Amino acid sequence: MSGPGGAAGQPLWQRPACAGWRPGLEGAVYQLAGCFLLLGFMGGSGVYGGFYLFGFLGTGYLCCVLWGWLDACGLDVVLWSVLLAVACVLQLAHLAYRLREDTLPEEFELLYKTLCLPLLVPLPAYKQIVRCCEGQVLTLATEQTYAVEGETPIDRLSLLLSGRVRVSQDGQFLHYIFPYQFMDSPEWESLHPSEEGVFQVTLTAETECSYISWPRKSLHLLLAKERYISRLFSVLLGYDISEKLYALNDKLFAKFGLRFDIRLPSLYHVLGPAAPDAGPESEKDDEEVREPAALPPQALPASVQQTPPSSPPPVATNPPAPPLWVRMSRPDSGLLASRTPLQSYSQVMSKGQAPLAPTQTPEL
């Protein structure tokens with residue numbers, strides 16, 4: 001070295017102060033530390049990438065500690081290597097805690113992969129949904145009822161995970177509920193958050209079932225706070241209700257053997273509840289519509305009987321009022337508006353299509 005200050009007082013742009021390089025290399029521990037550090041800095045991102053990165057870096061810094069203690073004999077080398085190795089160990093502990101926290105039970109993991117992952121639902125949002133149901137999986141034994149018609153209050157929303165549930169009303173089978181379908185989505189959508197109600201159908205487990213259930217108040221609070229989760233449930237519930245409607249549509253047949261479609265604009269005449277005193281009147285209307293031509297001439301009212309040909313009828317100043325027995329049919333489409341009910345019915349039957357407003361109640 002040249003100069004009293006040594007290498008510390010030498011400018012950076014001048015030649016190094018080293019008079020000569022060491023003829024030998026460092027020991028094997030130092031070389032091994034360099035290899036581990038090189039592999040560690042090639043790690044990726046994410047939780048598992050962090051495990052790779054800090055695992056190799058921590059091992060490399062431990063090798064530096066051994067090299068500084070045994071070969072270099074430098075206190076600063078040992079202290080810095082120990083500090084860096086401890087930092088890597090702490091990072092590994094933090095990643096292990098995160099990985100354990102992110103781990104879901106098997107049922108919820110399968111539910112996420114089946115229902116939420118195809119919709120690209122973020123995992124933090126899904127964890128909020130799981131926390132709302134307290135992470136509990138409930139079970140139903142065979143022939144055990146989940147809800148009884150007219151008795152069970154609507155205070156929760158449940159999703160079937162495994163098994164099969166039978167839905168019936170007044171002892172009549174309606175449809176099945178299969179895994180990853182909501183068990184009470186129509187009841188949930190039928191009430192506002194402040195309203196209360198009871199089930200109108202009976203839900204019975206045909207096999208051993210497992211399901212998760214969200215309390216009504218807790219789920220409403222979550223949906224009011226998280227807009228994304230609210231939209232997600234709106235999409236899932238809408239799809240589930242449409243599937244149930246089409247399942248009911250498969251069982252909807254008319255007595256004359258034609259299948260109805262729930263998309264028909266006038267099917268509410270068939271599906272809607274009929275008044276208790278409307279049965280005899282509707283049958284009477286049908287008879288009056290079908291049998292106007294069969295009435296004898298003497299049974300017609302006097303206002304519609306023909307006058308004798310000897311005396312011409314007087315010119316009427318006002319058009320005559322329609323007979324009491326004539327009832328105009330309300331058209332439900334352009335086809336029914338342009339023809340009488342019997343003509344439109346015969347033409348539709350000849351084409352093999354179902355009429356829009358059938359007069360017979362369908363059998364379920």
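From a predicted model like this one, the values you see are computed outputs, not experimental measurements.
Atom OH of Tyr112 has more than 12 neighbouring heavy atoms from other residues, nucleotides or ligands inside a 6.0 Å radius. The neighbour count for Tyr239 OH, taken as heavy atoms of other residues, nucleotides or ligands under 6.0 Å away, does not exceed 12. Around atom OH of Tyr48, no more than 12 heavy atoms belonging to other residues, nucleotides or ligands sit under 6.0 Å away. Atom CD of Glu195 has more than 12 neighbouring heavy atoms from other residues, nucleotides or ligands inside a 6.0 Å radius.
Distance CG/Leu157 to CD/Glu189: 9.0 Å, rounded to 0.5 Å. How far CZ of Arg231 is from CD of Glu226: 12.5 Å, rounded to the nearest 0.5 Å. One distance of note links CD1 of Ile129 with SG of Cys133; it measures 9.0 Å at 0.5 Å rounding. Here the OG1 atom belonging to Thr139 is positioned 11.0 Å from the CG atom belonging to Leu161, to the nearest 0.5 angstrom. Once rounded to the nearest 0.5 Å, the distance linking CZ of Phe54 with NE2 of His94 reads 9.5 Å. With rounding to the nearest 0.5 Å, the separation of CG in Leu57 from OH in Tyr52 is 9.5 Å.
In terms of hydrophobic clustering, with Ile, Leu, Val, Met, Phe, Trp and Tyr side chains grouped at heavy-atom distances under 4.5 Å, Val201 and Val165 are assigned to a common cluster. The hydrophobic cluster containing Leu90 also contains Val65, counting ILVMFWY residues as joined when their side-chain heavy atoms lie under 4.5 angstrom apart, directly or transitively. With hydrophobic clusters built from ILVMFWY side chains whose heavy atoms lie under 4.5 angstrom apart, Val130 shares a cluster with Leu237. Both Leu111 and Leu219 are members of a single hydrophobic cluster when ILVMFWY side chains are connected at heavy-atom separations under 4.5 Å. There is a path of hydrophobic side-chain contacts, each under 4.5 Å, that joins Leu53 to Tyr61.
Under 4.0 Å is where a charged nitrogen must lie from a carboxylate oxygen, and between Arg216 and Glu187 no such pair does.
With a 4.5 Å cut-off on side-chain heavy atoms, Leu232 and Ser234 do not count as touching. Side-chain atoms of Ile154 and Phe199, non-hydrogen and from C-beta on, do get closer than 4.5 Å to each other. The shortest distance between side-chain heavy atoms of Leu62 and Phe36 does not fall below 4.5 Å. Counting only heavy atoms from C-beta outward, the side chains of Leu236 and Leu119 approach each other to under 4.5 Å. Contact annotation: the side chain of Leu245 never approaches that of His175 to less than 4.5 Å [non-hydrogen atoms, C-beta and beyond]. Inter-residue side-chain proximity for Phe108 and Val137 is flagged as met; some heavy-atom pair is nearer than 4.5 Å. At a threshold of 4.5 Å between non-hydrogen side-chain atoms, the residues Leu174 and Ser168 do not count as touching. Counting heavy atoms from C-beta outward, Leu70 and Val29 have side chains that stay 4.5 Å or more apart.
Aromatic ring pairs are classed by plane angle as parallel below 30°, tilted from 30° to 60° and perpendicular above 60°; the pair Trp214 and Phe233 is perpendicular.
Of the possible polar contacts, none joining the Gln172 side chain to the Gln169 backbone as a donor-acceptor pair under 3.5 Å is found. Not one N or O on the side chain of Gln144 forms a donor-acceptor pair closer than 3.5 Å with the backbone of Ala205. A side-chain donor-acceptor contact under 3.5 Å links Lys244 to the backbone of Phe182. Gln31 contributes no side-chain N or O that, together with a main-chain N or O of Ala28, makes up a donor-acceptor pair within less than 3.5 Å.
Looking only at atom types and distance, the side chain of Ser210 has a donor-acceptor partner in the side chain of Ser162 under 3.5 Å away.
Val121 and Tyr228 make their closest contact through CA-OH, 3.5 Å (heavy atoms, listed as atom of the first residue, atom of the second, distance). What you find for Glu196 and Leu191 is that their closest heavy atoms are C-CD1, 3.8 Å. Nearest approach of Arg156 to Asp184, heavy atoms of both residues: O-OD2, 3.3 Å. The minimum heavy-atom distance between Leu95 and Val47, with the atom names listed, is CD1-O, 4.1 Å. When all heavy atoms are compared, the tightest approach of Gly55 to Leu92 is N-CD2, 3.9 Å. Closest non-hydrogen pair, Glu151 versus Val198, comes out as O-CG1, 4.1 Å.
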Yes or no on side chain to side chain contact (heavy atoms under 4.5 Å, CB included) for Gln136 and Ile212, after CA distance, side-chain angles and deciding distance? CA-CA 6 Å; Gln136 297 181 357; Ile212 57 176; over 6 Å; no
Going through the checks in order, is the side chain to side chain contact (heavy atoms under 4.5 Å, CB included) test met by Leu66 and Cys64? CA-CA 5 Å; Leu66 295 177; Cys64 290; over 6 Å; no
Given Tyr180 and Leu110, is the side chain to side chain contact (heavy atoms under 4.5 Å, CB included) satisfied, shown in steps? CA-CA 10 Å; Tyr180 304 110; Leu110 185 59; 3.3 Å; yes
What verdict does the side chain to side chain donor-acceptor pair (under 3.5 Å) test give for Thr204 and Tyr146, after you've listed the backbone C-alpha separation in whole Å, the side-chain angles of each residue and the deciding distance to 0.1 Å? CA-CA 6 Å; Thr204 308; Tyr146 169 82; over 6 Å; no
Before you tell me yes or no, could you show the steps for Leu203 and Glu149 under side chain to side chain contact (heavy atoms under 4.5 Å, CB included), namely the whole-Å CA-CA distance, both residues' side-chain angles and the distance that decides it to 0.1 Å? CA-CA 8 Å; Leu203 280 71; Glu149 178 183 351; over 6 Å; no
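Test Glu206, Glu208, Glu143 against Arg164 for salt bridge (Lys or Arg N to Asp or Glu O under 4.0 Å) and you get one pass: Glu206.
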